[in-house]
Amino acid sequence: MKHFTKVVSWKERWTKCVQREGDSLHKHYTTKFSTIGSQYGNQYRSGWWHIEEATSNLNGINYGGYYTGMHVGIFWTSAKPINYSFYRTEMMMRPQHIYNITK
């Protein structure tokens with residue numbers, strides 16, 4: 001029996017991810033990266049491209065599901081509510097000249 005491994009391009013993988021989970025980083029696009037010593041870094045307890053009304057934070061605290069209190073978990077609001085902390089995340093990179101490939 002022959003086994004075939006399908007090689008998936010980054011474009012196909014990125015497109016499927018954005019279609020499935022949405023783009024919660026879009027509002028953060030022009031923001032500079034914040035470290036824990038900064039205002040938003042301290043507020044969200046992580047380094048990220050933070051904004052006042054954050055829609056994502058993949059460097060937050062792993063609460064492992066729904067939690068109450070400050071929004072410091074691992075969240076991606078286009079996929080789950082802000083008070084849901086993901087168990088696992090994956091960050092992927094794409095060429096800088098291609099911003100929105102799903103259109």
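Across every non-hydrogen atom of G64 and Y87, the tightest pair is O-OH, 3.0 Å. Minimum heavy-atom separation, T35 to S38: O-OG, 2.7 Å. Looking at every heavy atom in both residues, A79 comes nearest to F86 through CB-CZ, 4.1 Å. Of all non-hydrogen atoms in S34 and G41, the two that sit nearest each other are CB-N, 4.2 Å. Closest of all the heavy-atom pairs between G47 and F33 is C-CZ, 3.4 Å. The minimum heavy-atom distance linking M70 with R45 is given by the pair SD-NH2, 4.2 Å.
In this structure, OG1 in T55 is found 7.5 Å from CZ in F75, a value given to the nearest 0.5 Å. Taking CH2 of W48 as the reference point, atom CD1 of I74 lies at 10.0 Å (rounded to 0.5 Å).
The side-chain heavy atoms of T31 and H50, taken from C-beta on, include no pair separated by under 4.5 Å. You'll find the side chain of Y63 reaches within 4.5 Å of the side chain of V72, heavy atoms only.
Tested against T77 for a side-chain contact (heavy atoms from CB on, under 4.5 Å), the candidates N57, I82, N83 yield a single pass: I82.
Classified by interplanar angle (parallel below 30°, tilted 30° to 60°, perpendicular above 60°), the ring pair Y84/Y66 is perpendicular.
With hydrogens and angles ignored, the 3.5 Å screen pairs no side-chain donor or acceptor of Y40 with any backbone N or O of I51.
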